[in-house]
There are 2 protein chains.
Amino acid sequence: MSSNGFELPLRLLLAFKMLIDELHAELAREGHPDIRPMYGFVMQAIGPDGTTAVELGRTLGVTKQAAGKTVDNLERIGYVERTTDPRDSRRKLVRLTPHGMDALDRSARIFDTLRTRWAAELGEDRLNALESDLRRMTPDNPWRLDIPGWFGTL
Amino acid sequence: MSSNGFELPLRLLLAFKMLIDELHAELAREGHPDIRPMYGFVMQAIGPDGTTAVELGRTLGVTKQAAGKTVDNLERIGYVERTTDPRDSRRKLVRLTPHGMDALDRSARIFDTLRTRWAAELGEDRLNALESDLRRMTPDNPWRLDIPGWFGTL
DNA sequence: CATGATAGACAACCTGGTTAACTATATGGG
DNA sequence: CCCATATAGTTAACCAGGTTGTCTATCATG
């Protein structure tokens, strides 16, 4: 039956893509039509306290230049702002704007809703098992393992 | 516990990334160091009978230009070759070279091995359940639903 | 046979990544 | 105190893969 090893990665990717697509469709409906898939990850990585381009690059596993460019784009569309650090004038703090905060909050809520939909379809037990299995097969700290770096170079 | 909806997409992506990374590490070891993640999908989509750039684009859900560029790259590193169709001199048949065939064969074998490793870790039953659940949540024909198109624009 | 559809190529641009080189600011040791 | 080194950020040039738009060549058909 499902002994074809090619199916597993494909289904994992498809499932991810579906969730992301649904997220963005809903975000667009809720007033965030310009959000791109990367941005959610980046804003999550910036966090409520802000960060700097270099630090952000380290967190995401990309170069500071790449992080800087992404911050440029986020700044251009009003999701983050840069302020100079008074205690170290080399640094520039990158922080989410209220608009960015709003997008992040909505993303979290939408993801919860999507998970609920999956639970309704598969049953809470099966979904818990699925998450548990994936957790077992993937690294512990999902965050800082160059996800976006990998996105791009795909 | 895991009621955080953000974890599901992240784990799906991480799991996919891990499989792909392991695939490429092994492919590199077996004489295919230049393969990029996209190429596997593209070669799979080309198939043993070959195709054309336009058709490939349709299959993958990207423009014919994008498909053409990717074929250029695959041609440059010797995985595919272009021959003109004698029956329609507008068309150029894209076919896998023996080198490309070899890469595709090895990919299939490696994916099977990786799946076996997952089965050893999770148990065959749990893995079957996982695949079944993913199958249930994703489109039927996984193939022609703009996977790569989505890759790039991420 | 002229017209419209199709295959492919080319150019310009976008995003997200890379290296490399540069400036400006901190910081710590002689 | 000052100089050397490390760090933050910017800019530039490039790559891969995607997009639109335009153009040519060929096919197929009324």
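Each chain gets a letter, A, B and so on, in the order its sequence line appears, and its residues count up from 1. What you are looking at is a predicted structure, and each value in this text was computed from that prediction instead of being measured.
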What's the closest nucleotide to the A:Met38 side chain, out of D:dT10, D:dA16, C:dG16? C:dG16

Report the nucleotide, chosen from C:dA7, D:dG9, C:dT18, that has the shortest atom-to-atom distance to any side-chain atom of A:Thr63. C:dT18

Testing B:Thr51, B:Thr52, B:Leu56 for side-chain contact (heavy atoms from CB on, under 4.5 Å) with B:Val71, which one passes? B:Leu56

Applying the side-chain contact (heavy atoms from CB on, under 4.5 Å) test to A:Leu134, which of B:Leu122, B:Leu130, B:Leu14 qualifies? B:Leu130

Quickly work out the [X] [atom1] to [N] [atom2] distance and round it to whole Å.
X	N	atom1	atom2	value
A:Arg82	D:dG9	CZ	C1'	9 Å
A:Lys69	D:dA13	NZ	P	12 Å
A:Leu56	D:dT10	CG	P	13 Å
A:Arg91	C:dT23	CZ	C1'	18 Å
A:Arg87	D:dA8	CZ	P	14 Å
A:Arg90	D:dA8	CZ	C1'	6 Å
A:Ile77	C:dT15	CD1	P	10 Å
A:Arg36	C:dG17	CZ	C1'	13 Å

By nearest heavy atom, map A:Gln65 and A:Asp88 onto DNA chain D; which one lands nearer the 5' end? A:Asp88

Starting from the 5' end of DNA chain D, give me the residue, B:Lys64 or B:Arg76, whose nearest nucleotide shows up first. B:Arg76

Output yes when at least one side-chain N/O atom of B:Tyr39 is less than 4.0 Å from OP1 or OP2 of D:dA16, else no. no

Respond yes when some side-chain nitrogen or oxygen of A:Thr70 is under 4.0 Å from OP1 or OP2 of C:dG17, and no when none is. yes

Could you measure the distance from the CG atom of A:Leu96 to the CE atom of A:Met43? Nearest 0.5 Å is fine. 6.5 Å

Would you indicate what [X] reaches in the nucleic acid, counting non-hydrogen atoms under 4.0 angstrom: base, sugar-phosphate, or nothing?
X	result
A:Thr52	sugar-phosphate
B:Ala66	base
A:Ser89	sugar-phosphate

Check: B:His32 ring centre within less than 6.0 Å of B:His24 ring centre: no

Are more than 12 heavy atoms, taken from residues, nucleotides or ligands other than A:Arg95, located less than 6.0 Å from that residue's CZ atom? no

